[in-house]
Amino acid sequence: MSNQSNTKQKPEITRIYLSHFLHQLSNDYDKTKEKLEHLVNIGKDDFIKAGILEELEKLTVTIEMYAIRIYKSYQVEDKKLAIITLENMQVFNIPVIAEFFFFTDAKYQDIKDYIKMLDYLRLLILEYLHSD
């Protein structure tokens, strides 16, 4: 395979990965949200009360929006703004998410897996936007 065809193929492969992870994220979102809402309602941990559910919802909506646009139309409206937004939206730089992820035990592993998948999808979108 020539270098030129490999370069053209890479965005399409990334788009296929985006589709796969977008589907998985959608499947896992309701389950994750339900568990987080339960934790918020029982008020078990202070960081839960401090807004992890809200932060995850903001991240999910934004990342999902860009992934859907790329999946449906191969592009986003303002590519430069999308790149800046996603680069600034580093999941583990959000204190409540980092605290939850790094300082809770294994019983929250499915929520932690969701957070990792969300960040991976963000990175895939950035890769696609940079290669387009």
Side-chain angles (χ1 to χ4, degrees):
M1 181 180 297
S2 75
N3 206 15
Q4 185 179 13
S5 67
N6 190 21
T7 303
K8 289 181 181 179
Q9 185 181 15
K10 187 170 178 161
E12 182 59 25
I13 291 171
T14 303
R15 189 177 159 273
I16 292 168
Y17 287 143
L18 278 172
S19 170
H20 170 76
F21 283 103
L22 179 61
H23 179 71
Q24 186 66 42
L25 187 75
S26 296
N27 287 341
D28 291 348
Y29 177 74
D30 289 331
K31 180 174 61 170
T32 301
K33 183 178 177 185
E34 196 173 286
K35 287 184 178 188
L36 283 170
E37 285 175 343
H38 175 72
L39 291 174
V40 168
N41 288 336
I42 63 173
K44 185 168 180 154
D45 296 305
D46 289 340
F47 59 84
I48 297 293
K49 295 177 192 173
I52 189 170
L53 181 59
E54 293 83 8
E55 291 296 335
L56 278 178
E57 285 181 344
K58 285 191 273 186
L59 287 168
T60 299
V61 167
T62 302
I63 292 169
E64 191 175 50
M65 173 193 68
Y66 285 124
I68 289 169
R69 286 182 184 167
I70 290 168
Y71 178 71
K72 289 185 175 183
S73 65
Y74 291 82
Q75 61 186 355
V76 296
E77 287 179 27
D78 188 342
K79 182 177 169 180
K80 189 174 186 174
L81 177 62
I83 290 170
I84 291 168
T85 300
L86 291 167
E87 285 177 346
N88 289 330
M89 191 179 265
Q90 295 179 25
V91 174
F92 296 107
N93 282 348
I94 300 169
V96 68
I97 292 176
E99 184 177 343
F100 175 84
F101 192 87
F102 295 112
F103 300 110
T104 58
D105 57 3
K107 67 183 173 181
Y108 301 118
Q109 191 59 46
D110 50 347
I111 297 171
K112 292 178 181 187
D113 290 344
Y114 179 83
I115 292 168
K116 287 190 287 190
M117 185 176 11
L118 190 61
D119 196 43
Y120 185 68
L121 184 57
R122 178 187 71 85
L123 294 171
L124 277 175
I125 295 167
L126 280 168
E127 180 180 328
Y128 181 86
L129 293 173
H130 283 296
S131 68
D132 186 32

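Worth knowing before you read on, the calculation uses all heavy atoms, side chains too, and leaves out hydrogens, waters and symmetry mates.
Taking CG from L118 and CD1 from I63, the interatomic distance works out to 4.0 Å, rounded to the nearest 0.5 Å. With values rounded to the nearest 0.5 angstrom, M89 atom CE is found 8.5 Å from R122 atom CZ. If you take CD1 on I97 and CD1 on I111, they are separated by 11.5 Å, rounding to the nearest 0.5 Å. For the atom pair CG (D119) and CD (Q90), the distance works out to 8.0 Å, reported to the nearest 0.5 Å. Of the inter-residue distances, the one linking I83 atom CD1 with L129 atom CG reads 5.0 Å to the nearest 0.5 angstrom.
Residues M65 and L126 share a single hydrophobic cluster, defined by chaining ILVMFWY side chains whose heavy atoms lie under 4.5 Å apart. In terms of hydrophobic clustering, with Ile, Leu, Val, Met, Phe, Trp and Tyr side chains grouped at heavy-atom distances under 4.5 Å, L18 and V61 are assigned to different clusters. In the hydrophobic clustering of this structure, L86 does not group with L81; members are Ile, Leu, Val, Met, Phe, Trp, Tyr whose side-chain heavy atoms approach within less than 4.5 Å, directly or through other members. Both F100 and F92 sit in one connected hydrophobic cluster of ILVMFWY residues. Membership requires side-chain heavy atoms under 4.5 Å apart, directly or through other members. I70 and I84 are assigned to two separate hydrophobic clusters, defined by single-linkage of ILVMFWY side chains at heavy-atom distances under 4.5 Å.
In terms of the salt bridge (Lys or Arg N to Asp or Glu O under 4.0 Å) criterion, K112 has no residue partners (sequence neighbours excluded). With sequence neighbours excluded, no residue forms a ring pair (Phe, Tyr, Trp, His ring centres under 6.0 Å) with Y66. Judged as a ring pair (Phe, Tyr, Trp, His ring centres under 6.0 Å), and not counting sequence neighbours, Y71 has no contacts. Taking T32 as the reference, nothing meets the side-chain hydrogen bond (donor to acceptor under 3.5 Å, both in side chains) condition, with sequence neighbours excluded. With sequence neighbours excluded, no residue forms a salt bridge (Lys or Arg N to Asp or Glu O under 4.0 Å) with D28. Legend: residues meeting side-chain hydrogen bond (donor to acceptor under 3.5 Å, both in side chains) with H20, ordered by chain and number and at least two apart, are absent. Residues satisfying the ring pair (Phe, Tyr, Trp, His ring centres under 6.0 Å) criterion with F21, sequence neighbours excluded, are Y120. Judged as a side-chain hydrogen bond (donor to acceptor under 3.5 Å, both in side chains), and not counting sequence neighbours, T62 has no contacts. K72 meets the side-chain contact (heavy atoms from CB on, under 4.5 Å) test with I68; sequence neighbours excluded. In this view, E57 and K33 satisfy the salt bridge (Lys or Arg N to Asp or Glu O under 4.0 Å) rule, not counting sequence neighbours. With sequence neighbours excluded, no residue satisfies side-chain hydrogen bond (donor to acceptor under 3.5 Å, both in side chains) with N88. Take D113 and apply the side-chain contact (heavy atoms from CB on, under 4.5 Å) test, not counting sequence neighbours, and it matches Q109, K116.
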Steps toward side-chain contact (heavy atoms from CB on, under 4.5 Å) verdict (Y108, Y114): CA-CA 10 Å; Y108 301 118; Y114 179 83; over 6 Å; no
Carefully, step by step, assess V76 and I125 under the rule side-chain contact (heavy atoms from CB on, under 4.5 Å). CA-CA 10 Å; V76 296; I125 295 167; 5.9 Å; no
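Residues I94 and L59 form a side-chain contact, since some pair of their non-hydrogen atoms from C-beta on lies under 4.5 Å apart. Side-chain contact between V91 and F101 is absent, with no heavy atoms from C-beta onward closer than 4.5 Å.
Residue M117 comes nearest to L25 through the heavy atom pair SD-N, 3.9 Å, listed as atom of the first residue, atom of the second, then distance.
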